[in-house]
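We count ligands from 1, going down the list as the structure has it; atoms in each ligand are counted the same way. Side chains included, hydrogens not; waters and symmetry mates left out as well; all remaining heavy atoms used. Being a predicted model, the structure only gives us computed values, none of them experimental.
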Amino acid sequence: MYLTKEEEKILEGEYGEVMERMFRLLVRLGDIYKAEKMIPVGSVQVAGVSYKSISDPGLEFLEDLASKDAKVKVLTFLNPAGMDLENWDKLGFPRDFAEKQIRIMNAFKKMGIVITSTCTPYLAGNLPRSREHIAWSESSAVSFANSVIGARTNREGGPSALAAAICGRTPYYGLHLWENRQPTIKIEVDARLEFNSDFGALGYYIGKQVKNKIPYFTGIKNANTDQLKALGAAMAASGAVALYHIENLTPESDLISKDNLETINVTQKEIDETYDTLTSGVEPDIVILGCPHASLREISTLASKVKDRKLRKPVWICTSRMMKEAADRMGFTEIIEKAGGYIVADTCMVVSPIEKMGYNTTGVNSGKAANYLPGFCKQKVVFANIDRLLEAIE
Ligand code: F3S
């Protein structure tokens, strides 16, 4: 790979041991994927934040890096942590877990990373522009950045994202290159897409079929950004889709080549069957919305639906701290809490230890969460739209 004079100096250790170690990791990655050079990145999003995912070895690795004065060079945000960083006690998160999680956050903060823990960084202050090269980790955020914003990122692992943040660079390969952003399969949709969960069901079904291909959708007449994030998250979870295009909706759809694509048809039947496939439980003992992290619009929708209702079981909506603060100001938090719910910030149903908090069956409207909850959190799942879920716990 071509390296600039400055990059060679990094490898010679002129900028310290941490930079050298991190840059070696990026060079190795670039060599594997035959990158011709390194490119600067505009921002980074690092996964591997929850104590549940990284446990003691991860915590020690981060504390070691921070103690050696590792510092990030670009705007860097974090994926969800394992708990609400402010209200963990009130919500029943275990104290020993919380203490370790706080040490993880302190190590990240010492490195200059913004300890905003969210899978929707683009809603919380880390918004790339179209065609900007970035190095993000979280699969749903990668999908949204590539597909809806038109930024360019591969799906980074936790260590390679951290290395990109510390070095301000990433190897130039994969989805950073225009020729690799062309669709490789066409999806013709003829189904009713009304609720966000319908987009989650569609995404789950397609992800399973296409694995890591790049879908080009037709037949989706309209979708707001919440629905697009639900679609992309589910496709990235059940498959490994990091980029998709939708006719007339996503920014690169007019620029790509759509010739000679194999076609998959999706009808209402496949959507309905996906709801059944993803449902393994009968009655939820908690409903958790906000996968990916909820926008203010989704929080306001929940508030309007639970206003003056009293729920028998809790409903959580997971979001970023920024959205939670806006919801507090707008009075949404108060309405949701009065009905028996919580706006839970900084974490989500998959990376928090809900299985240790007495929950066995979780109701979700997210195809991604429905995909992961059985394995990651030993949950039975009820996958349905928001109206059905709220009826089930009223
Ligand atoms: Fe985000 Fe957690 Fe879902 S990280 S995309 S809310 S599984």
S.K.: May I ask you to decide if the ring planes of W136 and Y122 are parallel, tilted or perpendicular, using 30° and 60° as cut-offs?
M.R.: parallel

S.K.: Apart from V282 itself, what residues make up its hydrophobic cluster when side-chain heavy atoms of I, L, V, M, F, W and Y under 4.5 Å apart count as a link, directly or indirectly?
M.R.: none

S.K.: Could you note down all residue pairs passing side chain to side chain donor-acceptor pair (under 3.5 Å) where residues 375-394 supplies at least one of them, sequence neighbours left out?
M.R.: K305-D387, R309-E394, T362-Q379

S.K.: Under 4.5 Å between side-chain heavy atoms, chaining through other members, with only Ile, Leu, Val, Met, Phe, Trp and Tyr counted: pull out the rest of the cluster around Y173, sorted by chain and number.
M.R.: L29, I32, Y33

S.K.: Could you name all protein N, O or S atoms found under 2.8 Å from atom 3 (Fe) of ligand 1?
M.R.: C291 SG

S.K.: For the residue pair T347 and D84, confirm or rule out a side-chain donor-acceptor distance under 3.5 Å.
M.R.: no

S.K.: Run N196 and E298 through side-chain hydrogen bond (donor to acceptor under 3.5 Å, both in side chains) and show every step you take.
M.R.: CA-CA 10 Å; N196 294 4; E298 290 173 296; 3.1 Å; yes

